[in-house]
Amino acid sequence: MATKAPEFQATALEAIPKIASLARGQFRTHKTKNIEWRKTQLRKLYWALEDFKPQLVEALKSDLGKSSFEALLTEVDWVKKDCMWMLDHLDSFAKDQKLGSPDVPATYSIMNFRVKKEPLGTVLIIGPYNYPIQLLLCPLVGAIAAGCTAVLKPSELTPACAMWTKELIEKRLDSGSFSVVNGAIPETNALMAEKWDKIFFTGSAQVGSIIAQKAAQTLTPVVLELGGKNPAFITKNCGNLALAARRLLWGKTQNAGQVCMSQNYVLIDKDLVPTFIEFLKVAYKDMFPNGAKASPDLSRIVNKRHFHRIKKMLDDTQGKIVMGGELDESELYIEPTAVLVNSVNDSMMQEESFGPIFSIYPVNTLDEALNIANLIHRTPLSLFTFGNKAENKRILNEMTSGGATINDGFFHGAVNTVPFGGVGDSGWGAYRGKASFDSFTHFRTIAETPGWAEKLIRVRYMPYDFKALAFLNRLTEKSPNFDRSGKVVKGLGYWVKFLFGLGGKSAKGAFLRWLVVLAAHYMYTNRS
Ligand SMILES: NC(=O)C1=CN([C@@H]2O[C@H](COP(=O)(O)OP(=O)(O)OC[C@H]3O[C@@H](n4cnc5c(N)ncnc54)[C@H](O)[C@@H]3O)[C@@H](O)[C@H]2O)C=CC1
Ligand SMILES: CC1=C(/C=C/C(C)=C/C=C/C(C)=C/C=C/C=C(C)/C=C/C=C(C)/C=C/C=C(\C)C(=O)O)C(C)(C)CCC1
C-alpha cells in the first residue's frame with residue numbers, strides 16, 4: 001500500500017539561490033568528472049525509482065488519473081530503462097575521441113587531435129505536467145551521465161509527483177549535487193535569476209519563449225522541448241484504413257492525448273472519410289468495450305484550466321463531432337473525440353489539442369494536404385503518414401517536423417534510445433539515447449604539438465615567408481575537380497582513378513573488381 005504524497009509545498013524563494021550555489025559548488029569539487037561517481041548516481045536513481053514505484057504510481061493516479069499500466073510503461077520503468085541503458089554505454093560515450101582522417105589532414109596527424117567530453121557544469125531542468133516523471137528525470141539521466149550537477153523544477157500542476165520526486169532525488173542522490181525546487185512562476189523566475197551552464201526546458205512554446213529570452217541575457221544555452229500542431233496524412237493508397245484508424249486513436253488515448261507529439265488533425269482523402277470514421281468507431285469499441293468513461297485505462301485531464309481549454313476548442317468548432325463528445329467536469333473526463341471540420345480556420349485546426357480530441361479534414365489531393373499542413377504549422381513536433389511508399393517519401397520530403405512515423409501514431413517517440421526533439425518553434429536540441437549524454441556535454445577539441453615538430457611547422461611565424469607557404473599549400477591543398485559553374489570536370493586525374501579503380505567509386509569496390517580481374521586472368525592463363 002503506497003503512502004499518500006506529502007502535501008505540496010513550494011520551495012522558499014530565499015532558499016533558491018543557496019540551492020543553485022550548492023549545486024555549482026558541488027560541480028567545482030570535480031567529483032562528477034569521475035565516471036564511477038556518475039555510474040553510482042545512475043544506479044542510485046534506478047533503485048530510488050524501484051523503491052518509490054508504489055508512491056509514484058499512486059501519485060500519477062492522483063495527479064492525472066493515469067493507469068498503473070501507463071505509469072509503469074511510460075514513466076517509472078521508462079526512466080529505469082534509461083538508467084540501465086546509459087550505464088551500459090557510458091564508458092564508451094565518455095572516453096576521449098581520437099580525431100583522425102577525414103577530420104584531421106594527414107599533415108597535422110602528429111598533433112594528436114582529440115575531443116574530450118566535458119560536463120557542461122550545473123544545469124537547470126524544468127519539466128511539464130503530462131509525463132511528470134519521465135520528462136523530468138530522463139534529461140536528468142543525461143545530465144548525470146555527462147557529469148553535470150542539476151537542479152530540477154517539476155510542474156506544479158502534478159503536485160504529488162513533484163513532492164515524491166523531491167524526496168527520491170534529495171534522499172537518494174548525492175546531496176547538494178542534485179536538488180529539486182518545487183513551485184510555479186515565482187520559483188521558476190528565482191531559478192532563472194541564477195547562472196546555469198544549460199537550461200533544459202520541456203513545456204509550452206509560450207513559456208519556452210520566456211525561458212529562451214531570459215537565458216539569452218546571460219548567454220545560457222537552452223534545450224527547448226515544445227509542442228506542435230501535428231498533422232497526420234491519409235491518402236487513397238494507405239492500404240489498411242482500419243489500421244490507420246486504430247493507430248491514430250492510440251495516439252489520442254494514451255495519457256488522454258496529453259502527448260505533445262500526438263496528432264492534432266488528420267488530412268484525409270475525401271472519399272475515405274466515411275469509412276475512416278466507421279473504423280475509428282470500431283477501434284474505439286475494441287479499446288473501450290464498456291465506454292471510455294468506465295475504462296480503468298484512460299487518464300483524466302490534469303486540471304480544470306486545461307479541461308476548459310480543451311472544451312473551448314469543442315465549443316468553438318463549426319465542425320461535426322463524429323466520434324465521442326462526452327465531457328464531465330466533475331471527473332475532468334473528456335471522451336476521445338473526433339471532429340469533422342471543413343475550414344482551416346476552425347478552432348480544432350488552429351489550436352494545439354494536447355488532449356483526447358482531434359479533427360478530420362477532407363482533402364482532394366496530396367498537394368492540398370501538404371499546403372494546408374505547411375500553412376497550419378510549418379515546423380510541427382511530429383507528423384504521421386499513411387500512404388504508399390512514394391507518397392510517404394514525398395510527404396517527408398516536402399514537410400519537416402521534429403520526428404515522424406510512417407504508418408502509425410507517435411512510434412518514433414515511443415522508444416527511449418533514439419534521439420527525440422523538435423525543429424524550429426517545436427523545439428531546439430534533442431535528447432534520449434546518446435543524444436541525452438551529448439546534450440549536457442561540451443565537446444572540447446584538444447591539440448598537442450610535439451616540440452620536435454617545431455621546424456616543420458615554423459611557417460606560421462613572422463617574418464612571413466611566401467615560399468614556405470607555397471610549399472605547405474602544395475602539401476595540403478586539394479585542387480578542385482569542378483569548374484566555376486559547379487560542374488564536375490573529368491580531368492586526367494579522374495580518368496586515371498577511373499581506370500585503375502576499374503570504374504569503382506570506393507577503394508573497396510575497386511579492390512573487389514581487381515580481384516575478379518586477377519581471378520579471371522589466373523583462370524585464363526591456367527586453363528588446360
Ligand atoms: N516536446 C516535448 O517533449 C513536450 C512538450 N510539451 C508541451 O508542453 C505543454 C504542456 O505542458 P505544461 O506543463 O502546461 O507547459 P508549461 O509551459 O505551462 O509549463 C512547463 C514548466 O514551466 C513552468 N512555467 C509555467 N509558466 C511559466 C512562466 N511564465 N515562467 C517561467 N516558468 C513557467 C511550469 O511551472 C512548468 O514547470 C504543451 O504545449 C505541450 O505541447 C509537453 C510535453 C512534452
Ligand atoms: C516481444 C516480441 C517481439 C516484439 C514486440 C514488440 C516490438 C512490441 C511492441 C510493443 C509496443 C508497440 C509498445 C508500445 C509502447 C508505447 C510506449 C512505450 C509509449 C511511450 C510514450 C512516451 C514515451 C510518451 C512520451 C511523451 C512525450 C515525449 C510528449 O508528450 O511529448 C518480436 C520482435 C516481434 C519477436 C517476438 C517477441
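Bear in mind the structure is a predicted one, so any value in this text is a computation, not a measurement. Note that ligands are numbered from 1 as they come in the structure, with each ligand's atoms numbered from 1 the same way.
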Engineer: Among K81, R172, K80, which residue meets the salt bridge (Lys or Arg N to Asp or Glu O under 4.0 Å) test with E50?
Structural biologist: K80

Engineer: Just checking, K153 and F201: is the charged tip under 6.0 Å from the six-membered ring centre and within 45° of the axis?
Structural biologist: no

Engineer: Could you identify the single nearest non-hydrogen protein atom to atom 25 (C) of ligand 2 and state the distance to 0.1 Å?
Structural biologist: M261 CE, 3.4 Å

Engineer: Test salt bridge (charged side-chain N to carboxylate O under 4.0 Å, His left out) on K44 and D174; report intermediate values, then the result.
Structural biologist: CA-CA 9 Å; K44 285 183 173 183; D174 190 64; over 6 Å; no

Engineer: Side chains of Y284 and E335: any donor to acceptor distance under 3.5 Å?
Structural biologist: yes

Engineer: For ligand 1, find each of its N or O atoms that sits under 3.5 Å from a protein N or O atom, and tabulate the pairs with distances to one decimal place.
Structural biologist:
| residue | atom | partner | partner atom | Å |
| --- | --- | --- | --- | --- |
| ligand 1 | 1 (N) | E225 | O | 3.4 |
| ligand 1 | 1 (N) | L226 | N | 3.2 |
| ligand 1 | 1 (N) | L226 | O | 2.6 |
| ligand 1 | 8 (O) | G203 | O | 3.2 |
| ligand 1 | 8 (O) | S204 | N | 3.3 |
| ligand 1 | 13 (O) | Y129 | N | 3.1 |
| ligand 1 | 15 (O) | S204 | N | 3.4 |
| ligand 1 | 17 (O) | S204 | N | 2.8 |
| ligand 1 | 17 (O) | S204 | OG | 2.7 |
| ligand 1 | 35 (O) | K153 | NZ | 2.8 |
| ligand 1 | 35 (O) | E156 | OE1 | 2.6 |
| ligand 1 | 37 (O) | G127 | O | 2.8 |
| ligand 1 | 37 (O) | K153 | NZ | 3.0 |
| ligand 1 | 39 (O) | E352 | OE1 | 3.1 |
| ligand 1 | 41 (O) | E352 | OE2 | 2.5 |

Engineer: Which of parallel (below 30°), tilted (30 to 60°) and perpendicular (above 60°) describes Y129 and F354?
Structural biologist: perpendicular

Engineer: Looking at atom 5 (C) of ligand 2, tell me if a protein heavy atom falls under 4.0 Å from it.
Structural biologist: no

Engineer: For atom 28 (C) of ligand 2, which of E225, R432, Q258 has the closest heavy atom?
Structural biologist: R432

Engineer: Does E187 use its side chain to pair, donor to acceptor, with the backbone of A10 at less than 3.5 Å?
Structural biologist: no

Engineer: Looking at I133, is its backbone amide N or carbonyl O close enough to the side chain of E75 to form a donor-acceptor pair, meaning the two atoms are under 3.5 Å apart?
Structural biologist: yes

Engineer: Does F411 offer a backbone N or O that forms a donor-acceptor pair with the side chain of R247 under 3.5 Å?
Structural biologist: no

Engineer: Run the contact test for L135 against ligand 2 with a 4.0 Å cut-off on heavy atoms, strictly below, and give the result.
Structural biologist: yes

Engineer: Just by distance, no angles: are the side chains of S353 and K252 close enough, under 3.5 Å, to form a donor-acceptor pair?
Structural biologist: yes

Engineer: Under 3.5 Å, N or O to N or O, is Q254 touching ligand 2 that way?
Structural biologist: no

Engineer: Heavy-atom contacts with L73 under 4.0 Å: which atoms of ligand 2 show up? List them by number with element.
Structural biologist: 15 (C), 16 (C), 17 (C), 18 (C)

Engineer: Which of the atoms in ligand 2, numbered in the order shown and given with their element, are less than 4.0 Å from a heavy-atom of Q134?
Structural biologist: 22 (C), 23 (C), 24 (C), 25 (C)

Engineer: List every atom of ligand 2 that sits less than 4.0 Å from any heavy atom of G413, numbering the atoms from 1 in the order shown and giving each element.
Structural biologist: 23 (C)

Engineer: Note the single closest protein heavy atom to atom 18 (C) of ligand 2, along with its residue, its atom name and the distance in Å.
Structural biologist: W78 CZ3, 3.6 Å

Engineer: Does T74 approach ligand 2 within less than 4.0 angstrom via side chain, backbone, both or neither, non-hydrogen atoms only?
Structural biologist: side chain

Engineer: Would T379 and D425 count as having a side-chain donor-acceptor pair, cut-off 3.5 Å?
Structural biologist: yes

Engineer: Going by distance alone, is a donor N or O of one side chain under 3.5 Å from an acceptor N or O of the other, for T385 and N392?
Structural biologist: yes

Engineer: Could you tell me whether N416 approaches ligand 2 through its side chain, its backbone, both or neither, with non-hydrogen atoms closer than 4.0 Å?
Structural biologist: neither

Engineer: Identify the closest protein heavy atom to atom 31 (O) of ligand 2: which residue and atom is it, and at what distance?
Structural biologist: C260 SG, 2.1 Å

Engineer: Are there protein heavy-atom neighbours of atom 14 (C) of ligand 2 below 4.0 Å?
Structural biologist: no

Engineer: Within 4.0 Å of atom 36 (C) of ligand 2 (strictly less), any protein heavy atom?
Structural biologist: no

Engineer: Between S209 and Q213, does any side-chain donor sit less than 3.5 Å from a side-chain acceptor?
Structural biologist: yes

Engineer: Is there a protein heavy atom less than 4.0 Å away from atom 1 (C) of ligand 2?
Structural biologist: no

Engineer: For F93, is the NZ or CZ atom of K434 found under 6.0 angstrom from the centre of its six-membered ring and inside 45 degrees of the ring axis?
Structural biologist: yes

Engineer: Check the pair V282 / E278 against side chain to side chain contact (heavy atoms under 4.5 Å, CB included), numbers first and verdict last.
Structural biologist: CA-CA 6 Å; V282 171; E278 282 319 302; 5.5 Å; no

Engineer: Is there at least one pair of N or O atoms, one from V259 and one from ligand 2, spaced under 3.5 Å apart?
Structural biologist: no

Engineer: Of all the non-hydrogen atoms in the protein, which one sits nearest to atom 9 (C) of ligand 2, and at what distance?
Structural biologist: F411 CZ, 4.8 Å

